[in-house]
Amino acid sequence: MTSVFDGYLVDPKVSLLDKTRMQAQVLVPVLRALRAELGKDKADAIVKQALRDWSKQLFAAIGDGIEGSPRRKWATMQSALDEVTGKEVEFEMRRHDKEVLEFDVTRCRFAEFFRVLGEPELGALLICATDFDIAAASDGEVSLDRAQTIMQGAPSCTFRYKFAPR
């Protein structure tokens, strides 16, 4: 099955968790070297801005390649994301109807990986922040509120999507 993320994943046979591990093998030593040279705050700020810019551009470009309404673009990307993260997270559905999609992630193997590395902030940038970039592809038709994440030490990730009236 072809996914809108195939170009991003490079090889669809490689799981998103394995791809993330590969990214971390490069990013963690670079981040730690930057911290040693520039100090933690400045290095973290540079890396944060670079990764946020990359993610925003990436998911905007993926959205541009999907035909249909902005909400359809979001739904297509969200569905593809569910496919590539499904075996890495466990969740409980709270509500799903025409107005909202609410669920809590109760286990996240991405967070487990980044906690072992001692770099949950990097994990939040590489994994958690992308949910907001995907929502941004909806041009305001879908909004996301997330009060907490496992990556940042909470017991669950709270996903609260609201859909604009059609």
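- Rounded to the nearest 0.5 Å, atoms CD1 (I134) and NZ (K56) are 14.0 Å apart.
- L122 pairs in a side chain to side chain contact (heavy atoms under 4.5 Å, CB included) with only one of the listed residues (L51, T20, L117), which is L51.
- Side-chain atoms of Q78 and D82, non-hydrogen and from C-beta on, do get closer than 4.5 Å to each other.
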Requested in this report: Could you please spell out the steps behind the side-chain contact (heavy atoms from CB on, under 4.5 Å) verdict for I46 and L38?
Outcome: CA-CA 10 Å; I46 290 168; L38 304 172; 3.7 Å; yes
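- With F159 as the fixed residue, the ring pair (Phe, Tyr, Trp, His ring centres under 6.0 Å) test singles out one of F91, F103, F132: F103.
- With R71 contributing its side chain and G140 its backbone, the two residues share no donor-acceptor pair below 3.5 Å.
- We find the CZ-SG distance between F113 and C108 to be 11.5 Å, quoted to the nearest 0.5 Å.
- E37 places none of its side-chain heavy atoms less than 4.5 Å from the side chain of K42.
- A donor atom on one side chain and an acceptor atom on the other are found under 3.5 Å apart for D53 and Q49.
- In this structure, S79 contributes its side chain and T76 its backbone to no donor-acceptor pair below 3.5 Å.
- Under a 4.0 Å N-O distance rule, the pair E67/K73 does not qualify as a salt bridge.
- Side-chain contact check for L101 versus M93: some heavy-atom pair is nearer than 4.5 Å.
- Residues D44 and D41 are not in side-chain contact: their nearest non-hydrogen atoms beyond the backbone lie 4.5 Å or more apart.
- Looking only at side-chain heavy atoms (C-beta outward), W74 and E141 stay at 4.5 Å or farther from each other.
- Side-chain atoms of S55 never come within 3.5 Å of backbone atoms of R52 as a donor-acceptor pair (strictly under, hydrogens ignored).
- Without hydrogens or angle criteria, D104 side chain to T106 main chain gives no donor-acceptor distance under 3.5 Å.
- Within the 3.5 Å criterion, the main-chain N or O of C128 finds a donor-acceptor partner in the side chain of R146.
- Look at R21 and E88 and you find no salt bridge, because none of the NZ, NE, NH1 or NH2 atoms lies under 4.0 Å from a carboxylate O.
- Ion pairing between a basic and an acidic side chain is recognised when a charged N comes within 4.0 Å of a carboxylate O; R95 and D97 show such pairing.
- The CD atom of E102 lies 5.0 Å from the CZ atom of R160; values are rounded to the nearest 0.5 Å.
- Taking 4.5 Å as the limit, every side-chain heavy atom of Q148 sits out of range of all side-chain heavy atoms of C157.
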Report task. Kindly determine whether R109 and K87 satisfy side-chain contact (heavy atoms from CB on, under 4.5 Å), including the steps that lead there. Result -> CA-CA 9 Å; R109 287 178 183 84; K87 61 186 172 216; 5.9 Å; no
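- Rounding to the nearest 0.5 angstrom, the gap separating the CD atom in Q152 from the CZ atom in F114 is 13.0 Å.
- The line from CE of M77 to CD1 of I62 is 7.0 Å long, rounded to the nearest 0.5 Å.
- Minimum heavy-atom separation, T130 to I127: OG1-O, 2.6 Å.
- Using a 4.5 Å heavy-atom threshold, the side chains of E121 and K48 count as separate.
- Between the CD1 atom of I150 and the CD atom of E90 there is a distance of 9.0 Å, given to the nearest 0.5 Å.
- Considering only heavy atoms from C-beta on, F110 comes within 4.5 Å of M151 through its side chain.
- Closest approach of P70 to S138, counting heavy atoms only: CB-O, 3.0 Å.
- At a threshold of 4.0 Å, the pair E92-R94 counts as salt-bridged, since one of the basic side-chain nitrogens sits closer than that to a carboxylate oxygen.
- A single hydrophobic cluster is not seen to contain both V142 and V100; linkage of ILVMFWY side chains at heavy-atom distances under 4.5 Å, directly or through other members, places them apart.
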